[in-house]
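The figures here come from the full heavy-atom set of this structure, side chains too, leaving out hydrogens, waters and symmetry mates. Positions are given from 1 along the sequence.
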Amino acid sequence: MAVSTDAPVRPLKPAPAKTRRRSPDSLAGTLAKIVLLGLVDAFAVYVLMALFLNEQWLVFGVAAAVTVIINWIYLRRGGLPAKYLAPGVLFLLVFQVFVVVYSGYVAFTNYGDGHNSTKEDAVAAIQLTAQQRVPDSPAYAVSVVEQGDELFLLVTDPDGAVQLGGADQPLEEVAGAQMGGAGKATGAEGYETLAFNDLLNRQSEILELKVPFSEDLDDGTLQTADGSNAYVYKPVLVYDEAADTFTNTETGTVYRDSGEGSFVSDAGERLATGWKINVGFENFERAVTDPELRGPLMSVIGWTFTFAVASVALCFGLGLFLAITFNHPTLRGKKIYRVLMIMPYAFPAFLAGLVWSGMLNQEFGFINGTFFGGASIPWLNDPWLAKASVLLVNTWLGFPYMFLVCTGALQSLPEEVNEAARMDGAGAWRIFKSIKLPLLLVSTAPLLISTFAFNFNNFNVIFMLTGGGPRFPGTSQDIGATDLLITVVYKVAFGQGTGRDYGLASALAILIFIIVAVISAVSFRQTKSLEEVNS
């Protein structure tokens, strides 16, 4: 068969002109990088200067190295993957790795109330807090002045000399001060004198202002109560730098460095202010040996596991039941029902805890008043009822998530498998037990593990609903029947009743991390057996 050669030949369209893209390494791209890096470097220089002035040499070295590496990555040609990965890696190191490493470091120290700085700072703090007014000390006429946000005392001593000082600045002579009619200095160049109304409004700051006479705090300080007259205060505890001891000038008691971050007398009396030192595994040992902490902590660990497992089981069970119910093909209005089911999921957990706390109130709660005829049922004050209430509220908050997950998983299951099982004579329960549930677990098992880890640290519902109570009897620690490990860590770290103890809190946080990591690792290994269902 011959092919006709008379067909018109279509003219070829000219190829579209290629749009020239600007390369990141072009002149414009390089200039943009220089501008952005200039802003980053300006901030880095500011941070490095602050670190240098505070003699934070380790952090200074790390910050300088990071700044150099960032400039090298973004100014060199090529290396495109590193330019995209650098920001994410940097934020990961700062907000994750550093936090974990620092928490681990704190766990091996006595960091907390009274032990939060160096020994030099502790000595200065003891000298300041042990000040007492010298009997018959002369009155110094003062004016309270301000520079920036810092207060100073403009002092006129009994001999007429004018001096100025602040909390961190010993008294120094001032030339050219403005003098009032009674021979009292009322102003100095560069400082703003506080008016009477300002003195009243800032009275607490003025009462706390202690101006030293010299660098040696044993020489005393000036303090004023009315912003008009100041008096001499000297420390009751005098520090002997050579002997490294404090001596009480009234009683003669000597306090020595105990080697545990505190000054202690021979009678065992300890000064309140100490300093931070490394204590090794003392915080971990304290968690299992301190009788005030060991018993309540063991109860908390048991309840934490019970709460996490029960929450996963209840939320998954209720969510799966409702997902199967509202996934029936003949059910009408499924969309409306599903919207109603997920409404608790849109409710903030911390707010839900507060609402349920009011509803379960023993005296005037909605639950007692409406469903139990005004009975005084201690839902949140009895240990067992409080635990049941916590599980109820957490189930109400958590089942919508499992409902959504199970609904999606059920809709993805092949219908052919169910039809084949029905033809073989399997009933609904046998189909669910042998086919649907194993297939569901393949996709939901990792979510169940993550849900367990979440409930293991479910702070909101516990703290907002019960506050961890009711409190255990026979202990000075603020630990209760519904406390989880995470709420105990919060109370220990932020001083709920016994003062802040960051070292012990960090040690407990490490224990939580180890427990969750081990359980998650074992659980993920077990989920591999479920994959055989699909093989």
Side-chain angles (χ1 to χ4, degrees), residues 54-56 58-59 95 97-130 208 237 239 244 246 255-265 268-301 304 457 459 462-463 467-469 471-472 474-480 483-515:
N54 288 281
E55 299 182 355
Q56 300 288 334
L58 178 60
V59 183
F95 294 108
V97 177
F98 171 75
V99 172
V100 172
V101 172
Y102 187 73
S103 297
Y105 159 72
V106 171
F108 295 92
T109 69
N110 64 342
Y111 187 28
D113 276 352
H115 301 274
N116 53 17
S117 189
T118 63
K119 185 176 181 179
E120 291 75 15
D121 292 337
V123 170
I126 292 172
Q127 290 175 310
L128 281 175
T129 56
E208 295 176 359
L237 297 170
Y239 181 63
D244 193 21
F246 272 101
Y255 298 85
R256 297 179 175 84
D257 184 352
S258 65
E260 300 177 352
S262 300
F263 286 101
V264 182
S265 68
E269 184 183 357
R270 187 184 303 269
L271 297 182
T273 304
W275 57 94
K276 185 172 63 174
I277 62 170
N278 294 325
V279 296
F281 289 91
E282 182 179 317
N283 289 317
F284 297 92
E285 294 175 2
R286 180 181 165 196
V288 296
T289 59
D290 187 350
E292 288 281 328
L293 188 61
R294 182 181 62 244
L297 191 59
M298 292 299 104
S299 299
V300 167
I301 292 175
T304 301
N457 294 308
F459 178 86
I462 298 295
F463 203 78
R471 185 170 173 173
F472 286 125
T475 177
S476 61
Q477 300 288 335
D478 184 19
I479 304 177
D483 264 318
L484 303 181
L485 281 172
I486 189 63
T487 58
V488 172
V489 169
Y490 175 83
K491 291 179 178 180
V492 171
F494 295 101
Q496 295 279 327
T498 56
R500 292 181 287 268
D501 192 339
Y502 301 123
L504 178 59
S506 296
L508 294 176
I510 290 176
L511 292 178
I512 293 175
F513 171 77
I514 293 173
I515 292 172

Rounded to the nearest 0.5 Å, the CD1 atom of I462 sits from the CG atom of L485 at a distance of 11.5 Å

By side chain to side chain donor-acceptor pair (under 3.5 Å), S265 pairs with (sequence neighbours left out) none

Sorted by chain and residue number, the side-chain contact (heavy atoms from CB on, under 4.5 Å) partners of R270 (sequence neighbours excluded) come out as S258, E260, S262, V264

Applied to residues 288-301, the salt bridge (charged side-chain N to carboxylate O under 4.0 Å, His left out) test, sequence neighbours excluded, yields R286-D290

Residue set satisfying side chain to side chain donor-acceptor pair (under 3.5 Å) with S117, at least two apart, ordered chain then number -> D121

When every non-hydrogen atom of D483 is compared with those of G480, the smallest separation belongs to OD2-N, 2.8 Å

side-chain contact (heavy atoms from CB on, under 4.5 Å) filter on L237, not counting sequence neighbours, yields I126, A130, F246, N248, Y255, L271

TODO: For residues I510 and S506, determine if any side-chain heavy atom of one lies less than 4.5 Å from a side-chain heavy atom of the other.
DONE: no

For F472, the ring pair (Phe, Tyr, Trp, His ring centres under 6.0 Å) test, sequence neighbours excluded, returns none

Assess whether side chain to side chain contact (heavy atoms under 4.5 Å, CB included) is satisfied between L504 and L293, documenting all intermediate values. CA-CA 11 Å; L504 178 59; L293 188 61; 3.8 Å; yes

When rounded to the nearest 0.5 Å, the distance separating CG of N110 from NE2 of H115 is 5.5 Å

The side-chain contact (heavy atoms from CB on, under 4.5 Å) partners of F459 (sequence neighbours excluded) come to F463, I486, T487, Y490

Run the side-chain donor-acceptor check on residues 272-284: report pairs under 3.5 Å with partners two or more places apart or on a different chain.
from: N283; atom 1: ND2; to: A107; atom 2: O; distance (Å): 2.8
from: N283; atom 1: ND2; to: T109; atom 2: O; distance (Å): 2.8

Sorted by chain and number, sequence neighbours left out, ring pair (Phe, Tyr, Trp, His ring centres under 6.0 Å) with Y105 holds for Y102

Sequence neighbours excluded, the answer for side-chain contact (heavy atoms from CB on, under 4.5 Å) partners of N116 is Y111

Shortest non-hydrogen pair, L508 vs A287, comes out as CD2-CB, 4.3 Å

Practice task
Please report the C-alpha distance between Y502 and V492 in whole Å, then the side-chain angles of each, then the deciding distance to 0.1 Å, and finally whether the side chain to side chain contact (heavy atoms under 4.5 Å, CB included) criterion is met.
Solution key: CA-CA 7 Å; Y502 301 123; V492 171; over 6 Å; no

